[in-house]
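Here the structure is laid out as structure tokens; the discussion comes afterwards.
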Amino acid sequence: MARWPRPGAIALLVNNSVDRTAQRALAWADKTGAPLRLAERCFPDEIAHAGSARRAALDLARVQVGAEGWLLTTDADSRPDRDWVRASLTPLAKGQAAMVCGDIELDPLEFAQLPSWATEKGAVEDRYRRTALELTSLLDPDPLNPWPFHGTVSGASLAMSAAAYDRVGGAPLVPCAEDRALVRRFVDHDLPVLYAPAPRVVTSCRLKGRAPGGMADTIASRLAGGEHWCDETLEPARNTWFRATLRAKLRRALRDHRQRDAALSEAGLSGEERKQAPAFTSFGALWRFVETVSPALARRRMLWNEMASELPLLEMLRDEAAAVMTPSTRLPPAEETA
């Protein structure tokens, strides 16, 4: 993580390491002359997870760069492009976004060594994810991220302003998917998140990783054979349609009490829960509240076989939405866009 108004201001956290990471990093800094601030931490077992490491690293970098700086994150098993820093910082410097999510590519040499049946299964899941993104974009368009966009959230390529990081209260201390939880905090605060194609990172297809629930676990579960879970962000086709439709309705009804109450009722909120809604004056906070309390929006994770059987319905819903949402009939995005 670093701010780059001058070349090479790098903050590095090495936590719970059993190899020579710290020594090799110091040797590299000594050889290249790069200004490196390195910290070593050993978290107790109960908090020795990705969330603690990501938070500590970002906080270390935040102290170094100051309130006007930028924070970038990547992972030890990833290789950013040479132009990654500039590509990540440009949208931030132009004021286009508060968070930039870069694109991730699996290491082609390692990917080629995986069995074809496993990569074919991964391709089906990626097709489902892309179709869900497209359907959501049709029903609830985001002007900052017009379709097509990659929609990937990974700690291997994130960039944000220090001021925005402060505003969201820092990185959440969650044991896994801490990168997604951080980006969600930006969305909850109505801070613009850009899915940019230019910042590119190649990440490993390794099968053994330190973070439970990470990329290594995902690939290993596919190779184990039998049934396995899909990505936690994927849900059945009609649930995907309902979530995007309801979010669009609620976004447009944010300032209209009657329409907002109708949308909250459709989400299954009780009368008492709907009475709490006016306390949320921003859309991001309101939508977080609705997703938290709505029984209709409770997420249900799918097994791969269920996801594959849902794909034709999802594609049909996507095609129907595309047919209805022609450029002439598509509603303009609401002003309050998360």
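We count residues from 1, following the sequence as given. Any value given below was found using the heavy atoms of this structure, including those in side chains, with hydrogens, waters and symmetry copies removed. Everything numeric here is computed off the predicted structure, so don't read it as measured data.
Ion pairing of Arg129 with Asp126 is present here, as a side-chain N (NZ or NE/NH1/NH2) and a carboxylate O approach within less than 4.0 Å. Under a 4.0 Å N-O distance rule, the pair Arg243/Asp140 does not qualify as a salt bridge.
Contact between Leu173 and Gly51 at its shortest, heavy atoms only, is CD2-O, 3.7 Å. Residues Ile104 and Ser157 share a closest heavy-atom pair of CD1-CB, 3.8 Å. Nearest approach of Ala56 to Phe43, heavy atoms of both residues: CB-CZ, 3.9 Å. In plain terms, the two heavy atoms of Leu36 and Ala25 that are nearest each other are CD2-O, 3.6 Å. Smallest separation of non-hydrogen atoms from Val202 and Leu106: CG1-C, 4.3 Å. The shortest heavy-atom contact between Ala263 and Leu246 is O-CD1, 3.3 Å.
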Task: From CA spacing to verdict: side-chain contact (heavy atoms from CB on, under 4.5 Å), Tyr128, Met302 - done: CA-CA 12 Å; Tyr128 194 100; Met302 295 187 293; 3.7 Å; yes
- [ ] Show the numbers, then the answer: is there a side-chain contact (heavy atoms from CB on, under 4.5 Å) between Arg299 and Glu291?
- [x] CA-CA 9 Å; Arg299 288 190 177 271; Glu291 281 198 306; 4.1 Å; yes
Open item on the list: Apply side-chain contact (heavy atoms from CB on, under 4.5 Å) to residues Thr73 and Asp179 and explain how you reach the verdict.
Closed with: CA-CA 10 Å; Thr73 80; Asp179 41 10; over 6 Å; no
- [ ] Mind running side-chain contact (heavy atoms from CB on, under 4.5 Å) on Thr136 and Arg247 for me, showing each step along the way?
- [x] CA-CA 10 Å; Thr136 298; Arg247 186 170 58 241; 3.1 Å; yes
- [ ] Any chance you could lay out the salt bridge (Lys or Arg N to Asp or Glu O under 4.0 Å) test for Asp188 and Arg184, step after step, and finish with the verdict?
- [x] CA-CA 6 Å; Asp188 292 346; Arg184 179 59 194 255; 2.7 Å; yes
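Phe242 is connected to Met307 through a chain of hydrophobic side-chain contacts under 4.5 Å among Ile, Leu, Val, Met, Phe, Trp and Tyr, so both are in one cluster. Hydrophobic clustering of Ile, Leu, Val, Met, Phe, Trp and Tyr side chains at less than 4.5 Å, counting indirect connections, keeps Trp28 apart from Leu60. No chain of hydrophobic side-chain contacts below 4.5 Å, direct or via other Ile, Leu, Val, Met, Phe, Trp or Tyr residues, connects Val63 to Leu13.
Proximity of the aromatic rings of Phe149 and Trp147 is defined here by a centroid distance below 6.0 angstrom, and this criterion is met.
The line from CG of Leu250 to OG1 of Thr245 is 12.5 Å long, rounded to the nearest 0.5 Å. Considering NE2 of His150 and CG of Asn145, their distance stands at 8.0 Å, rounded to 0.5 Å. Atom CH2 of residue Trp241 and atom CG of residue Leu317 lie 8.0 Å apart, to the nearest 0.5 angstrom. Remark: Arg255 CZ to Phe283 CZ distance equals 11.5 Å, nearest 0.5 Å. The structure places CG of Asn16 at 10.5 Å from NE2 of His49, a figure rounded to the nearest 0.5 Å. The CG atom of Asp103 sits 8.5 Å away from the CD atom of Glu105 when rounded to the nearest 0.5 Å.
Side chain of Ser294 to main chain of Ala267: a donor-acceptor pair is present (N/O by atom type, distance under 3.5 Å, no hydrogens or angles). No donor-acceptor distance shorter than 3.5 angstrom exists from the side chain of Thr131 to the backbone of Glu315, with no hydrogens or angles considered. Gln259 places no side-chain N or O within 3.5 Å of a backbone atom of Arg252 that could act as its donor or acceptor partner. Side chain of Ser309 to main chain of Glu306: a donor-acceptor pair is present (N/O by atom type, distance under 3.5 Å, no hydrogens or angles). In this structure a side-chain-to-backbone donor-acceptor pair under 3.5 Å is present from Thr74 to Ala156. Side chain of Thr203 to backbone of Ser78: no donor-acceptor contact under 3.5 angstrom is found. With hydrogens and angles disregarded, no donor-acceptor distance shorter than 3.5 Å links the side chain of Asp107 to the backbone of Cys205. A donor-acceptor pair is defined here as one N or O able to donate and one able to accept, closer than 3.5 Å; such a pair exists between the side chain of Thr292 and the backbone of Arg288. Checking side-chain atoms of Arg55 against main-chain N and O of Ala171 turns up a donor-acceptor pair under 3.5 Å. In terms of modelled atom types and a separation under 3.5 Å, the side chain of Ser137 and the main chain of Leu133 share a donor-acceptor contact.
Between Asp81 and Pro199, the closest side-chain pair of non-hydrogen atoms is not below 4.5 Å. Proximity of Glu110 to Ser204: side-chain heavy atoms (C-beta onward) are separated by under 4.5 Å at one or more points. Contact of the Tyr165 side chain with the Asp59 side chain is registered, since non-hydrogen atoms from C-beta on lie closer than 4.5 Å. Counting only heavy atoms from C-beta outward, the side chains of Val290 and Phe280 never approach each other to under 4.5 Å. Proximity of Arg54 to Pro172: side-chain heavy atoms (C-beta onward) are nowhere separated by under 4.5 Å. At a threshold of 4.5 Å between non-hydrogen side-chain atoms, the residues Leu58 and Met160 count as touching. Asp75 places none of its side-chain heavy atoms less than 4.5 Å from the side chain of Val201. The side-chain heavy atoms of Asp19 and Arg24, taken from C-beta on, include no pair separated by under 4.5 Å.
The aromatic rings of His228 and Trp304 sit tilted relative to each other, their planes meeting at an angle between 30° and 60°.
In the displayed structure, Trp287 atom CH2 is contacted under 6.0 Å by more than 12 heavy atoms of other residues, nucleotides or ligands. In this structure, Arg274 places its CZ atom where more than 12 heavy-atom neighbours from other residues, nucleotides or ligands lie under 6.0 Å away.
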